[in-house]
Amino acid sequence: MLTRRVLRTGLFTAVVGLASGWDGAFAEERTQFPAAAQQRYDQGKDLQKKGKLSEAIQAFEEAMQQGMDAYPRVHLQRAASNFDLKNYDAAITQYTKFIEEFGLEDSCRY
Amino acid sequence: MRSAYGGRAAAYEKKGDYQKALADHNLVVLFYAIEIEILKNLESADLEKRLQETSQAYSARGECLAALGRQKAAQVDQKRAASLEAEAKRLAQKSPSSQEPSSRQIQFVNNWTEALTVVIDGVPYLLDVGDRKVIPVSAGFVAYTMQAGTRRQSGTVEAGRTYTIGSSSR
């Protein structure tokens, strides 16, 4: 019989900082951002899932302005939302910006 | 990075620019091909999922090649995609998904709403949404760090158990 334990995601709210002993390859991804930016990013993802793509894009852009510009995922989410909105030129521009600015080392896991 | 190249390739195709799309598809296939080789050498639990994704990458490039009139090259990619898909299915049949982890393994199930990474003994294991992964560990309790997006938590988990990361209490 499988022994199951649920790691409650509520624990995720108790975000801890980068552990000092963290391995280098993984520690390079910045994980601490201003709370307001984090909140807008989460809102953006929710809006994206609901198909409210224009609002999602606005939320992602505000998250960037409020301190998440160095977070690769927010750029990918914004580009994907533009693609789904058939804003292909914007999507291409944003994917290109991602490729040029983050490079392989900062984005290899995406 | 492959998400960005793959996304841009799709956008180029929507605009009818298949040459630029093909250049991006080539990079996506290259990234996946390298990753598959590494995962095979490591006998990684990620292999099945990556084989499926690599199959999709070859298939997407095949469609692009077909749009460019390069039918022979397109067929090669579609055959490669089918081969990878079959390999992934064979691997899935051997999957330990319904087995209890041994006393030197821990099983993680990602029922969270996004991909996350669990780090055990300094080794990161990526779990996409819905993934189930068996991680080899030493017996007893081991420290872990888990990250989903910008969220991160640390603690200990016990060998021989299955841990489900869920969203019920969020």
Side-chain angles (χ1 to χ4, degrees), chain A residues 1-19 21-23 25-26 29-33 37-38 41-42 45-46 49 68 71-76 79-80 82-83 86-99 102-110, chain B residues 1-17 20 24 27 31 35 98-101 107-119 121-124 126 143-155 157-158 160-170:
Chain A
M1 189 177 93
L2 289 177
T3 304
R4 295 185 179 279
R5 288 190 175 178
V6 175
L7 296 175
R8 295 289 180 188
T9 51
L11 293 175
F12 267 135
T13 58
V15 178
V16 298
L18 283 171
W22 196 248
D23 68 293
F26 197 65
E29 184 175 45
R30 185 179 163 191
T31 58
Q32 297 293 292
F33 298 100
Q38 173 69 58
Y41 174 67
D42 289 341
K45 285 197 300 179
D46 288 340
K49 283 176 189 167
M68 288 189 88
Y71 187 54
R73 289 178 204 267
V74 70
H75 292 267
L76 287 176
N82 268 308
F83 180 90
K86 301 185 180 179
N87 293 335
Y88 300 125
D89 287 325
I92 288 168
T93 299
Q94 289 160 9
Y95 281 127
T96 302
K97 182 174 184 281
F98 179 95
I99 290 164
F102 289 102
L104 197 56
E105 287 184 2
D106 289 338
S107 65
C108 61
R109 70 173 65 83
Y110 305 113
Chain B
M1 184 56 78
R2 56 180 184 243
S3 297
Y5 279 111
R8 193 171 69 172
Y12 278 137
E13 285 183 359
K14 290 290 186 183
K15 288 177 63 66
D17 195 339
K20 285 185 178 175
D24 283 353
L27 283 169
F31 290 147
E35 189 170 355
S98 61
Q99 295 174 6
E100 187 174 1
Q107 183 166 241
F108 285 93
V109 181
N110 181 12
N111 286 346
W112 178 240
T113 55
E114 62 182 299
L116 57 87
T117 302
V118 177
V119 180
D121 292 334
V123 180
L126 177 66
Y144 77 92
T145 303
M146 183 164 59
Q147 180 175 326
T150 60
R151 297 177 175 82
R152 182 184 289 248
Q153 81 175 42
S154 302
V157 284
E158 188 178 4
R161 294 184 182 277
T162 295
Y163 292 86
T164 301
I165 301 104
S167 57
S168 58
S169 63
R170 193 182 188 190

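Chain identifiers are assigned alphabetically (A, B, ...) following the order of the sequence lines, protein sequences preceding nucleic acid strands; residue numbering begins at 1 within each chain.
- With a 4.5 angstrom heavy-atom cutoff, A:K45 touches chain B only via side-chain atoms.
- Residue contact with chain A, scored on non-hydrogen atoms closer than 4.5 Å, is absent for B:A115.
- Looking at A:T93, there are no atoms closer than 4.5 Å to chain B (heavy atoms on both sides), in backbone or side chain.
- Counting only heavy atoms from C-beta outward, the side chains of A:I92 and B:K15 approach each other to under 4.5 Å.
- For the atom pair B:Y5 OH and A:I99 CD1, the distance stands at 4.5 Å (nearest 0.5 Å).
- Scored by the side chain to side chain donor-acceptor pair (under 3.5 Å) test, B:E13 finds B:H25 as partners (sequence neighbours excluded).
- In this structure, A:F83 and B:K14 have side chains that are in contact, with non-hydrogen atoms separated by less than 4.5 Å.
- Residues A:Y95 and B:G7 approach most closely at CE1-C, 3.4 Å, considering heavy atoms.
- Distance check: B:E114 CD to A:D42 CG gives 7.5 Å after rounding to the nearest 0.5 Å.
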